[in-house]
Protein chains: 2
Amino acid sequence: MKRPTLAAVAARAGVSKSSVSRVVNGEATVTPAIRELVIRAVRELGYVPNGAARSLATQRTNAVAVIVSDPPKGLSSDDPMFSAVVRTVSRVLESAGMQVTLMLAGSAESRLRAEQFVAAGHVAGVMLVSMHGADPLPASLARMGFPMVAFGRSSGGLPYVDNDNTGGAAVAVKYLLDQGRRRIATITGPLDMIASQDRLTGYRETLRDTGRRSIVAIGDFTRISGYEGMRQLLEDDPALDAVFAANDLMAIGALRALREAGRRVPHDVAVVGFDDIEAALYTAPPLTTVRSPMEDQAAATAELLLSVFNGAPGTPVIMPHRLIVRESA
Amino acid sequence: MKRPTLAAVAARAGVSKSSVSRVVNGEATVTPAIRELVIRAVRELGYVPNGAARSLATQRTNAVAVIVSDPPKGLSSDDPMFSAVVRTVSRVLESAGMQVTLMLAGSAESRLRAEQFVAAGHVAGVMLVSMHGADPLPASLARMGFPMVAFGRSSGGLPYVDNDNTGGAAVAVKYLLDQGRRRIATITGPLDMIASQDRLTGYRETLRDTGRRSIVAIGDFTRISGYEGMRQLLEDDPALDAVFAANDLMAIGALRALREAGRRVPHDVAVVGFDDIEAALYTAPPLTTVRSPMEDQAAATAELLLSVFNGAPGTPVIMPHRLIVRESA
DNA sequence: CTGAAAGCGCTAACAT
DNA sequence: ATGTTAGCGCTTTCAG
């Protein structure tokens with residue numbers, strides 16, 4: 001009970017393999033009569049072309065690798081970023097007829113696997129997601145000369161789509177200043193990620209322009225790190241009256257720490273997050289945050305990859321941001 | 001500038017293609033001298049075997065499809081389930097040397113694509129995630145005779161790993177009864193999913209055993225549906241004193257509705273969720289919930305698929321559950 | 001417009 | 001233990 005081959009279809013239809021191939025691939029130069037014969041045979045046999053054989057013959061593939069830099073155990077296994085990005089990218093790529101091969105590249109071992117996989121010619125291109133600064137993967141893949149784009153700016157100079165992280169952070173801090181807040185702290189993302197660095201820069205520079213000093217706790221984009229960061233900040237500077245968390249997950253953690261410490265939000269301490277994930281609407285009080293629609297960014301990144309396939313230069317794209325004011329600040 | 005082939009390596013090393021093939025595939029029957037020669041040539045040329053050619057020759061592949069039934073637009077794009085399941089499954093499968101091809105099968109079109117893809121022999125097996133009852137995909141894939149498992153019990157009788165959804169719901173409701181709650185409502189998941197049905201059954205039967213009546217609002221596992229469901233319940237039965245939400249996301253939505261309605265939790269209304277996602281620790285008050293570790297379930301499902309590859313019968317597995325009591329009930 | 005034939009790069013008998 | 005040879009299933013010149 002094997003699957004029928006193109007030859008089987010040809011035999012059944014009483015035509016040559018070439019004709020079957022032409023019909024299957026939708027070439028125009030086929031007599032209606034033959035086309036009809038072939039289509040019937042295909043249907044009767046339930047024929048589906050063998051992908052490996054086709055790839056081998058054409059030297060092409062319609063698969064792309066989406067490589068997500070993921071810590072081995074998954075720091076926060078329910079990262080909304082992951083979900084939004086992977087789903088959106090899959091949707092866009094799939095409707096362009098591409099298959100998505102998902103690869104997690106957290107460990108050295110998995111990174112090697114990813115490299116080999118790409119080198120084996122399994123994919124036509126690569127999308128990199130959430131690369132940390134020191135990651136050697138972009139460079140080694142780039143050396144192989146594959147079409148490649150990144151979700152978010154990264155090292156290695158590849159085409160990317162990013163948000164204006166610096167500008168977004170600046171807007172958040174400016175808003176807090178306008179509200180009369182004087183001691184504004186921040187909880188950062190992992191500092192080996194460019195997005196974290198940019199958000200920290202936006203915070204720092206805005207504060208420096210007004211002669212105020214930075215109060216920094218380092219987090220890693222997880223709720224728990226926001227919680228712990230906030231506790232530490234409260235200890236370091238009990239008089240702080242505002243905090244800018246570099247993402248909403250950490251803002252959610254900070255909210256909990258403030259609640260436990262008996263501080264009222266926003267009366268005692270104002271909180272601003274970043275990303276505007278759906279959960280930001282459900283905190284108490286609802287979170288003021290900077291909207292950087294990850295889904296639009298993901299879709300744009302996928303489209304950038306498609307355009308690179310078509311020979312476009314792949315110029316970086318920066319998406320706009322916007323402050324969403326809710327009750328937490 | 002093409003990639004080097006096995007033949008090129010053979011020429012360079014001055015041996016036959018077979019020898020190269022043997023070395024590359026780690027066969028034992030190779031003289032050390034030849035092995036050395038080959039390894040050097042491989043390294044010098046940067047040779048990586050072509051995947052398509054190998055698949056074609058061996059009639060095998062080490063890719064598996066993970067097919068996620070996803071609504072076209074993505075009801076809640078930051079579904080923690082998606083993230084936890086996809087990442088965990090990828091991790092397990094990748095460390096077993098398999099590649100994961102992710103496919104979203106929400107629309108009829110994408111479903112067809114998934115079928116074709118599997119039929120094209122691209123993958124060695126399939127894992128189905130979050131199938132809705134009416135989905136025709138399991139049946140049509142099963143007809144093709146591929147190794148296949150499901151995350152969560154589904155129609156079609158394939159091997160699966162599931163939680164004891166009915167039992168978990170029963171435990172939650174019993175707990176509320178023990179606390180002296182008398183009017184216990186529920187917000188369900190989408191009723192075409194078996195997990196939703198089971199959780200509803202657990203709720204219903206436990207209540208019926210004590211002669212109490214059900215108060216039901218239908219949700220779809222999203223925060224907003226929990227919010228709206230709770231508002232509706234409050235309107236239908238203002239005197240209710242507890243609610244069992246079929247997942248934590250909806251419980252979070254319910255919490256917001258209760259807050260807006262001025263009900264205190266748990267004093268006026270007790271809330272119990274299901275799943276114990278990380279966010280449950282960060283609500284105000286922290287959520288009492290039923291733990292059904294999705295990650296363990298995902299890992300077990302991946303391992304089930306691997307064991308089916310090895311000829312195991314693929315008997316269903318039911319994972320235990322446990323009530324996690326926090327302050328919301 | 002159709003068919004015959006030559007590969008794509010690799011593996012797997014088989015022979016040596 | 002190594003090499004030779006025949007495919008795996010498809011596409012793609014090239015003749016007809």
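Note that the structure is a prediction, hence the values are computed from the model and not measured. Quick note on labels: first sequence line is chain A, next is B, and so on, each numbered from 1.
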Participant: Determine whether R40(B) and E36(B) satisfy the following criterion, salt bridge (Lys or Arg N to Asp or Glu O under 4.0 Å), listing intermediate values before the conclusion.
Facilitator: CA-CA 6 Å; R40(B) 194 216 308 285; E36(B) 190 48 47; 5.4 Å; no
Participant: Name the nucleic acid region contacted by R35(A), choosing base, sugar-phosphate or nothing; use a 4.0 angstrom heavy-atom cut-off, strictly under.
Facilitator: nothing
Participant: Going by an N to O cut-off under 4.0 Å, is there a salt bridge joining E115(B) and R111(B)?
Facilitator: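 Looking at R111(B) together with E115(B), the answer is no, because their closest N to O distance does not fall below 4.0 Å.
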Participant: Rounded to the nearest Å, what distance is computed from the CD atom of residue E27(B) to the P atom of nucleotide dA12(C)?
Facilitator: 8 Å
Participant: Can you tell me if the side-chain N/O atoms of R54(A) get under 4.0 Å from OP1 or OP2 in dT12(D)?
Facilitator: no
Participant: Which protein N or O atoms sit under 3.5 Å from an N or O of nucleotides 2-6 of chain C?
Facilitator:
residue: dT2(C); atom: OP1; partner: T31(A); partner atom: OG1; Å: 2.3
residue: dT2(C); atom: OP2; partner: T31(A); partner atom: N; Å: 2.8
residue: dT2(C); atom: OP2; partner: T31(A); partner atom: OG1; Å: 3.3
residue: dG3(C); atom: OP2; partner: S16(A); partner atom: N; Å: 3.1
residue: dG3(C); atom: OP2; partner: S16(A); partner atom: OG; Å: 3.1
residue: dG3(C); atom: OP2; partner: S19(A); partner atom: OG; Å: 2.8
residue: dG3(C); atom: N7; partner: R22(A); partner atom: NH1; Å: 3.4
residue: dG3(C); atom: O6; partner: R22(A); partner atom: NH2; Å: 2.6
residue: dA4(C); atom: N7; partner: S18(A); partner atom: OG; Å: 3.4
residue: dA4(C); atom: N6; partner: S18(A); partner atom: OG; Å: 2.8

Participant: Measure from CG on L6(B) to C1' on dA6(D) and round the result to the nearest Å.
Facilitator: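 Atom CG in L6(B) sits about 16 Å away from atom C1' in dA6(D).
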Participant: Only one of V24(B), V15(B), V20(B), I39(B) passes side-chain contact (heavy atoms from CB on, under 4.5 Å) with V9(B); say which it is.
Facilitator: V20(B)
Participant: Give one of base, sugar-phosphate or nothing for S21(A), where a contact means two heavy atoms less than 4.0 Å apart.
Facilitator: base
Participant: Calculate the interatomic distance between L37(B) atom CG and dA1(D) atom C1'; express it in whole Å.
Facilitator: 15 Å
Participant: Can a side chain N or O of Q59(A) be found less than 4.0 Å away from OP1 or OP2 on dG7(C)?
Facilitator: no
Participant: How long is the line joining CG of N50(B) and P of dG7(C), in whole Å?
Facilitator: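 The answer, rounded to whole Å, is 18 Å.
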Participant: Side chains of N62(A) and R54(A): donor-acceptor distance under 3.5 Å anywhere?
Facilitator: no
Participant: Do the side-chain N or O atoms of N25(B) get closer than 4.0 angstrom to the phosphate oxygens (OP1, OP2) of dT11(C)?
Facilitator: yes
Participant: What's the CG-P distance between L56(A) and dC8(C), to the nearest Å?
Facilitator: 9 Å
Participant: Distance from S83(A) atom OG to E295(A) atom CD, nearest 0.5 Å?
Facilitator: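 The distance works out to 8.5 Å.
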Participant: Less than 6.0 angstrom from the centroid, inside 45 degrees of the normal: does R3(A) satisfy that with respect to the ring of Y47(A)?
Facilitator: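 The answer is no; the distance or angle limit is not met.
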